[in-house]
Amino acid sequence: MLCKGISPDCLTFPFLIKECTKRQSLGTGRSIHGQAVKLGLHNDLFVRNSLISFYSACGFANSARKVFDEMVDRDVVSWNSMIIGYLRSGNLDEAFDLFREMKDRNIITWNSIITGLVQGGRPKDALELFHEMQCLSDINVIRADKITIASVISACASLGAIDHGKWVHSYLRRSGLECDMVIGTALVDMYGKSGCLERAYEIFREISQKDTLAWTAMISVLALHGYGKEAFDVFKEMQAEGVKPNHVTFVGLLSASAHSGFVELGRWCFYAMKQIYSVEPQIHHYACFVDLLGRAGLFEEAEEVIRNMSMEPDVFVWGALLGGCQMHGNVQLGEKVAKYLIDLEPLNHAFYANLCDIYAKAGRYSDAKRIRTSMKEMGIQKEVPGCSMIEINGFVVEFSVLGSPNVMMGELVSVLASLSREMKTKCIIVTNETLIEP
């Protein structure tokens with residue numbers, strides 16, 4: 001086109017940039033950006049929107065933001081492209097701040113930020129946004145669609161918010177939205193992780209056309225609750241239906257084998273996934289298999305598997321072996337693995353704690369004390385305190401030793417003090433009764 005002397009216009013560049021985005025061809029895309037600047041077409045709305053998507057897809061969020069900030073006029077596509085770009089790069093706070101600045105949001109905006117927060121490990125924030133979205137739907141501004149529902153169900157699964165999940169399921173029926181395979185799979189995952197295994201199984205059976213993700217969700221849920229035999233029964237059905245398993249399917253099967261003690265089945269899974277199903281084992285498969293062998297006390301085989309790994313073993317693989325040593329009291333190997341892990345991550349408190357436990361079980365209390373003293377001298381402590389979550393009236397509240405900003409701690413202390421007084425009273429009564437009776 002250029003060789004024939006035909007000058008491109010503002011409609012030419014968006015298609016070129018879109019192709020560069022698809023290929024993630026950074027060099028070519030920058031060259032085309034330069035051509036647009038040279039021809040004075042870089043200020044066109046469609047060209048700039050394409051450039052934002054291009055730079056975001058290539059992992060250059062700062063370049064995308066520069067294009068965004070230089071825009072005189074922005075439309076909803078401009079804002080959505082920039083928010084999605086931040087979410088893809090893991091910059092959740094920047095995406096959220098931009099979302100708050102945005103005035104005219106559409107369903108794509110809401111779905112993007114809710115899904116991004118769920119995938120970014122902030123399901124509680126995602127649920128809060130969904131509540132906000134529901135307020136807007138009450139005044140007919142915007143309504144949730146199937147993508148919204150699937151993301152919110154995933155958030156409920158992550159939080160174990162079963163009451164909220166049931167409400168969303170009910171909302172799905174009332175709204176007339178189709179419960180397709182994606183939503184059905186999300187419901188199986190949500191009910192299963194929340195402990196409602198029978199309901200998860202019912203919904204799984206209701207899915208007419210099951211893909212790999214649906215079968216895998218059911219297998220993973222059964223594995224999570226220790227139903228190893230049932231997990232493999234579902235896998236047999238999956239094979240009979242001609243559905244090909246993926247790498248996540250085998251993580252579920254290996255996990256089921258480990259928690260149910262099915263060494264032979266787990267061994268078959270690990271070697272069959274490559275030889276029969278052409279699924280190359282990844283680091284998490286090795287970690288699951290080593291965990292299985294470690295739980296069974298097969299330490300020589302576990303070490304052999306680690307030596308023959310096609311990639312460098314990470315802390316999860318070695319950690320799985322350390323867990324087996326801790327379980328069976330293998331002091332010699334456990335000590336070696338723990339010291340190796342401590343050398344890799346000298347500030348990780350978990351490895352010191354595991355080694356202390358191994359020493360204590362072996363009666364080597366002086367060594368356990370030495371490790372604890374060493375931790376104290378180095379200032380090593382648990383970085384993230386343990387926490388518990390409970391769902392109250394559809395809202396998930398988090399408790400930890402650091403307190404909770406959403407809970408009146410004074411009320412909690414008052415209730416605990418009342419319980420303490422009542423328990424002391426009961427103890428006195430029981431003690432007196434015990435003294436009376438021979």
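Because only heavy atoms are used, hydrogens play no part in the values below, and waters and symmetry mates are left out as well, while side chains stay in. In this chain, residues are counted from 1 in sequence order.
When atom types are taken as modelled, the side chain of His285 and the backbone of Gln282 share a donor-acceptor pair closer than 3.5 angstrom. Between the side chain of Asp189 and the backbone N or O of Gly192 there is no donor-acceptor pair closer than 3.5 Å. No donor-acceptor pair closer than 3.5 Å links the side chain of Ser420 to the backbone N or O of Leu416. Side-chain atoms of Thr249 come within 3.5 Å of backbone atoms of Asn246 as a donor-acceptor pair (strictly under, hydrogens ignored).
Under the ring-ring contact (aromatic ring centres under 6.0 Å, His included) criterion, Tyr340 pairs with Trp318, sequence neighbours left out. Applying the side-chain hydrogen bond (donor to acceptor under 3.5 Å, both in side chains) rule to Gln24 yields no partners; only residues at least two apart in sequence or on another chain are considered. Among residues two or more places apart in sequence or in another chain, the salt bridge (Lys or Arg N to Asp or Glu O under 4.0 Å) test is passed with Asp93 by Arg122. Remark: Lys166 pairs with no residue by the salt bridge (Lys or Arg N to Asp or Glu O under 4.0 Å) rule, at least two apart or across chains. For Met378, the side chain to side chain contact (heavy atoms under 4.5 Å, CB included) partners are Tyr352, Ser374, Ile380, not counting sequence neighbours. Applying the side chain to side chain contact (heavy atoms under 4.5 Å, CB included) rule to Val182 yields the partners Ala150, Asp180; only residues at least two apart in sequence or on another chain are considered. Evaluation of the salt bridge (Lys or Arg N to Asp or Glu O under 4.0 Å) rule for Glu206 yields no partner, not counting sequence neighbours. With sequence neighbours left out, the side-chain hydrogen bond (donor to acceptor under 3.5 Å, both in side chains) criterion links Arg421 to no other residue. The side chain to side chain contact (heavy atoms under 4.5 Å, CB included) search around Lys274 returns Glu280, Pro281, not counting sequence neighbours.
At a threshold of 4.0 Å, the pair Lys339-Asp343 does not count as salt-bridged, since none of the basic side-chain nitrogens sits closer than that to a carboxylate oxygen. A salt bridge is absent between Arg372 and Glu377; no separation between the charged side-chain nitrogens and carboxylate oxygens falls under 4.0 Å. Salt bridge absent: Lys236 and Glu241 never bring a charged side-chain N and a carboxylate O closer than 4.0 Å. Between Glu132 and Arg100 there is a salt bridge, since a side-chain N of the basic residue sits under 4.0 Å from a carboxylate O of the acidic one. A salt bridge between Arg23 and Glu19 is present, with a side-chain N of the basic residue lying under 4.0 Å from a carboxylate O of the acidic one.
Remark: Arg74 is positioned above the aromatic ring of Trp79, its terminal NZ or CZ atom under 6.0 angstrom from the ring centre and at most 45 degrees off the axis. For the pair Arg65 and Tyr86, the NZ or CZ position fails the cation-pi test of under 6.0 Å to the six-membered ring centre and within 45 degrees of the ring normal. Geometric assessment of Arg173 against the ring of Trp167 yields a negative cation-pi assignment under the 6.0 Å and 45° thresholds.
Residue pairs meeting the salt bridge (charged side-chain N to carboxylate O under 4.0 Å, His left out) criterion with at least one member in residues 253-265, sequence neighbours excluded: Glu264-Arg267. Sorted by first and then second residue, the ring-ring contact (aromatic ring centres under 6.0 Å, His included) pairs involving residues 176-197 (not counting sequence neighbours) are His169-Tyr191. Within the structure, ring-ring contact (aromatic ring centres under 6.0 Å, His included) contacts touching residues 215-243 (residues at least two apart or in different chains) are Phe204-Trp215.
A distance of 9.0 Å separates CD1 of Ile219 from CZ of Phe250, quoted to the nearest 0.5 Å. The structure places CG of Asn106 at 6.0 Å from CD1 of Ile142, a figure rounded to the nearest 0.5 Å. Atom CD of Glu304 sits about 4.5 Å away from atom CG of Asn308, to the nearest 0.5 Å. Rounded to the nearest 0.5 Å, atoms CG (Leu253) and SG (Cys288) are 10.0 Å apart. A distance of 11.5 Å separates CG of Leu51 from NZ of Lys66, quoted to the nearest 0.5 Å. Atom CD1 of Ile17 sits about 10.5 Å away from atom CD1 of Ile52, to the nearest 0.5 Å.
At a cut-off of 3.5 Å, with distance as the only test, a side-chain donor of Thr148 or Asn111 sits close to an acceptor on the other residue. Thr109 and Asn80 share a side-chain donor-acceptor pair at under 3.5 Å. For the residue pair Thr21 / Ser53, no side-chain donor-acceptor distance below 3.5 Å is found, with atom types taken as modelled.
Under a cut-off of 6.0 angstrom, the local environment of OH in Tyr271 is crowded, with over 12 non-hydrogen atoms contributed by other residues, nucleotides or ligands.
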For a side-chain hydrogen bond (donor to acceptor under 3.5 Å, both in side chains) check, start with the C-alpha distance between Arg370 and Ser366, then their side-chain angles and the critical distance, and finish with the verdict. CA-CA 6 Å; Arg370 174 175 53 82; Ser366 59; over 6 Å; no

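Taking all atoms of both residues into account, the shortest heavy-atom contact from Glu303 to Leu333 is OE2-CD1, 3.6 Å.
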